[in-house]
Amino acid sequence: MDEKIKYELEFPITSSPQLLFQYISTPSGLSEWFADNVNSRGEYFTFIWNDSEEKARISSKKTGEKVKFRWIDEDNKDGEYYFELRIQVDEITKDVSLVVVDFAEEDDMSESKQLWENQISDLKHVLGSV
């Protein structure tokens, strides 16, 4: 498998950080925009898309600010890659942004970014932040 490259995307979102945090850190919130279904057992989350299932563990979480999910491999061990959703609030304008940190192989980079843009578009729709 090729080495994956870390990248970061920032999306302006019209929402309170508290409400946005519910949508990026809870199974019910994530299943509204990120995956078809999301289940959790403690710090372990299962993301379900069509017939595909991926497991991740919350490796860090700061209430109202960020959540980092580390992918779990076949042996139920923490994988090398993760994705992080971080809420940024501009101190002066109070504008809210969601920063996405993820990894993709070089050949899949534009497709991966496009997928996030679609996902965040769904999130904005759910939040009423179109």
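We use all heavy atoms of the structure for the numbers below, so side chains are in, but hydrogens, waters and symmetry mates are not. Counting from 1, the numbers follow the sequence of the chain as shown.
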Note to self: For Ile5 and Glu105: C-alpha separation, side-chain torsions, deciding distance, then whether side-chain contact (heavy atoms from CB on, under 4.5 Å) applies.
What the structure shows: CA-CA 6 Å; Ile5 300 161; Glu105 292 177 17; over 6 Å; no
Next item on the list: Walk me through it: do Lys113 and Tyr7 pass the test side-chain contact (heavy atoms from CB on, under 4.5 Å)?
Entry: CA-CA 9 Å; Lys113 288 180 177 180; Tyr7 66 91; 3.8 Å; yes
Next item on the list: Could you go through the side-chain contact (heavy atoms from CB on, under 4.5 Å) check for Thr46 and Glu54 one step at a time?
Entry: CA-CA 6 Å; Thr46 303; Glu54 295 286 337; over 6 Å; no
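Here Arg70 pairs with nothing under the side chain to side chain donor-acceptor pair (under 3.5 Å) rule; sequence neighbours left out. Contacts of Tyr23 classified as side chain to side chain donor-acceptor pair (under 3.5 Å), with partners at least two apart in sequence or in another chain: none. When the ring-ring contact (aromatic ring centres under 6.0 Å, His included) test is applied to Phe34, the partners found at least two apart in sequence or on another chain are Phe47, Trp49, Phe83, Trp116.
Using a cut-off of 4.0 Å between Lys/Arg side-chain N and Asp/Glu carboxylate O, Glu53 and Lys55 are scored as salt-bridged. Between Glu8 and Arg86, at least one side-chain N (NZ, or NE/NH1/NH2) sits under 4.0 Å from a carboxylate O, which counts as a salt bridge.
Residues Ile58 and Val38 are members of one and the same hydrophobic cluster, defined by side-chain heavy-atom contacts under 4.5 angstrom among Ile, Leu, Val, Met, Phe, Trp and Tyr. Tracing side-chain contacts under 4.5 Å through hydrophobic residues (I, L, V, M, F, W, Y), one never reaches Ile72 starting from Val101; they form parts of separate clusters. Leu85 and Tyr44 end up in different hydrophobic clusters when Ile, Leu, Val, Met, Phe, Trp and Tyr side chains are linked at under 4.5 Å.
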Side-chain donor/acceptor pairs under 3.5 Å, residues 89-98, sequence neighbours excluded:
residue, atom, partner, partner atom, Å
Asp90, OD1, Ile92, N, 2.8
Asp90, OD1, Thr93, N, 2.8
Asp90, OD1, Thr93, OG1, 3.3
Thr93, OG1, Asp95, N, 3.2
Thr93, OG1, Asp95, OD2, 3.2
Lys94, NZ, Glu91, O, 3.2
Ser97, OG, Glu10, OE2, 3.2

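In the hydrophobic clustering (ILVMFWY side chains linked at under 4.5 Å, chained through shared members), Ile48 stands by itself. Using a 4.5 Å cut-off between side-chain heavy atoms of Ile, Leu, Val, Met, Phe, Trp and Tyr, Leu115 forms no hydrophobic cluster with any other residue.
Inter-residue side-chain proximity for Phe45 and Leu30 is flagged as met; some heavy-atom pair is nearer than 4.5 Å. Under the 4.5 Å side-chain criterion, counting only non-hydrogen atoms from C-beta, Lys124 is in contact with Ile13. Between Glu84 and Lys66 the shortest side-chain heavy-atom distance falls below 4.5 Å. Looking at heavy atoms from C-beta onward, Glu65 lies out of side-chain contact with Ile87 at the 4.5 angstrom threshold.
Between the Asp73 side chain and the Asp75 main chain, a donor and an acceptor come within less than 3.5 Å of each other.
Checked options Tyr82, Trp71, Phe69; the residue passing with Phe103 is Tyr82 (criterion: ring-ring contact (aromatic ring centres under 6.0 Å, His included)).
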